[in-house]
Amino acid sequence: IERGHMHPVTKMLTEIERIFHSMGFETADGPEVETDYYNFQALNMPPGHPARSMWDTFWLRQGERRKMKDERDRLLLRTHISPVQVRYMEKHNPPIRIIVPGRSYRYEATDASHDFQFEYIEGLMVDDNISVANFKAIMIEFFSRFFKKQATIRLRPSYFPFTEPSFEIDVSCVICDGKGCSICKRTGWLELAGAGMVHPNVFKAAGYNPK
């Protein structure tokens with residue numbers, strides 16, 4: 001009798017890494033307990049920035065032994081994987097091509113599509129001539145391999161403080177092939193990711209020349 005198996009999330013992440021590694025990406029990692037600086041400030045969200053409300057944050061209590069010199073030292077459970085981008089760029093020179101899988105935490109009520117802890121994966125490319133066209137080509141190739149059918153994607157304008165321009169990525173529904181079903185809410189599209197070109201202020205925070 002066979003016993004045990006890989007968790008579905010583990011299988012998914014393993015497959016995602018395999019596809020991106022075949023396209024020349026490396027895997028990076030970073031801490032789940034993060035500072036205000038890396039989670040927000042280095043990503044173009046200084047104290048008081050309204051975009052902080054987009055991420056419902058678990059703040060950690062600061063013990064008496066740990067005296068904060070600055071707001072940037074406040075500890076929290078990372079709300080996204082983007083802090084790893086800055087940490088990685090601080091220690092590596094371009095060209096860069098990485099993916100960052102890992103857990104994130106947000107103070108949210110749990111339901112069928114939300115949880116306070118969830119797996120997340122992010123990618124970063126930095127080089128002289130990287131454009132949205134590069135990004136789009138990689139996403140089409142990735143989704144086609146992942147879903148094992150030719151993918152059709154669209155980019156919709158959006159807003160993230162650490163990218164400019166920013167956009168949401170929709171993929172033609174892989175269940176109904178874009179005809180409309182309960183999975184895609186009859187739209188024919190699945191919203192699967194957010195993205196954009198790295199904001200110059202993020203490059204500055206990492207010590208890069210934004211030009």
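As the structure is a computational prediction, the values presented were derived from the model and not from experiment.
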With no hydrogens and no angle check, is any side-chain donor or acceptor of Arg156 less than 3.5 Å from a backbone partner on Glu191? no

Closest non-hydrogen atom pair, Ile140 against Ser144: O-OG, 2.7 Å

Is any side-chain heavy atom of Leu155 closer than 4.5 Å to one of Ile169? yes

Value for CE (Met45) from OH (Tyr37), rounded to nearest 0.5 Å, stands at 12.5 Å

Grab the two heavy atoms, one from Arg78 and one from Glu34, that are nearest each other, plus how far apart they are. CB-CB, 4.1 Å

Supply the atom-to-atom distance Arg103 CZ to Ile81 CD1, rounded to the nearest 0.5 angstrom. 9.5 Å

Distance in Å, Asp127 CG paired with Asn134 CG, rounded so as to fall on 0.5 Å steps: 9.0 Å

Close side-chain approach of Leu43 and Pro161, heavy atoms under 4.5 Å: no

May I ask you to test the Arg154-Trp189 pair for a side-chain heavy-atom distance under 4.5 Å? yes

Using side-chain heavy atoms (C-beta onward) and a distance below 4.5 Å, is Val198 in contact with Tyr208? no

Should we count CD of Glu90 as having more than 12 external heavy atoms under 6.0 Å? yes

Do Val132 and Phe143 land in one hydrophobic cluster if side-chain heavy atoms of ILVMFWY residues count as linked below 4.5 Å? yes

Short question: side chain of Ser131, backbone of Ala133 - any donor-acceptor pair under 3.5 Å? yes

To the nearest 0.5 Å, what is the distance between CZ on Phe142 and CE on Met23? 7.0 Å

Do Ile121 and Val86 land in one hydrophobic cluster if side-chain heavy atoms of ILVMFWY residues count as linked below 4.5 Å? no

What is the minimum heavy-atom distance between Glu122 and Ser82, and which atoms define it? OE2-OG, 2.7 Å

Side-chain heavy atoms of Asp115 within contact of Thr110, under 4.5 Å: yes

Hey, does the side chain of Thr35 reach the backbone of Asp73 with a donor-acceptor pair shorter than 3.5 angstrom? no

Tell me, with the steps shown, if Glu108 and Phe118 meet side-chain contact (heavy atoms from CB on, under 4.5 Å). CA-CA 11 Å; Glu108 293 189 6; Phe118 54 94; 5.9 Å; no

Do Met197 and Phe135 have side chains that get closer than 4.5 Å, going by heavy atoms? no

Between Asn44 and Phe160, does the side-chain contact (heavy atoms from CB on, under 4.5 Å) criterion hold? Intermediate values first, please. CA-CA 10 Å; Asn44 200 33; Phe160 302 106; over 6 Å; no

Strictly by side chain to side chain donor-acceptor pair (under 3.5 Å), give each pair with a member in residues 8-23 just once, sequence neighbours left out. Glu15-Arg18, Glu17-Thr27, His21-Thr27, Ser22-Arg145

Exercise answer: donor-acceptor pairs, residues 171-185 side-chain atoms, under 3.5 Å, sequence neighbours excluded:
{"residue": "Asp177", "atom": "OD1", "partner": "Lys149", "partner atom": "NZ", "Å": "3.3"}

Would you sort out whether Arg74 and Leu60 count as a side-chain contact (heavy atoms from CB on, under 4.5 Å), showing the intermediate values? CA-CA 8 Å; Arg74 289 186 69 190; Leu60 303 184; over 6 Å; no

Between Arg52 and Asp36, is there a side-chain N and carboxylate O pair less than 4.0 Å apart? yes

When rounded to the nearest 0.5 angstrom, what distance separates CG in Asn209 from NZ in Lys204? 9.5 Å

For Phe58, give me all partners under ring pair (Phe, Tyr, Trp, His ring centres under 6.0 Å), at least two apart in sequence or on another chain. Tyr107

Within the structure provided, determine whether Asp29 and Val100 are in side-chain contact (heavy-atom separation under 4.5 Å). no

Does Ile130 belong to the same Ile/Leu/Val/Met/Phe/Trp/Tyr cluster as Ile96, with side-chain heavy atoms less than 4.5 Å apart forming each link? no

Quick check on the hydrophobic clustering: are Leu190 and Tyr120 connected, directly or via other members, by side-chain heavy-atom contacts under 4.5 Å? no

Between CD on residue Glu164 and CG on residue Asn201, distance to nearest 0.5 Å: 11.0 Å

Could Arg87 and Tyr38 be counted as a cation-pi pair, given that NZ or CZ must be under 6.0 Å from the ring centre and within 45° of the axis? yes

Any chance you could lay out the side-chain contact (heavy atoms from CB on, under 4.5 Å) test for His80 and Phe162, step after step, and finish with the verdict? CA-CA 12 Å; His80 48 182; Phe162 35 83; 3.8 Å; yes

Which atom of Gln85 lies closest to which atom of Gly123, heavy atoms considered: NE2-O, 3.8 Å

Pairwise side-chain contact, Ile19 with Phe25, heavy-atom cut-off 4.5 Å (strictly under): no

Leu124, Leu13: one ILVMFWY side-chain cluster at the under-4.5 Å cut-off? no

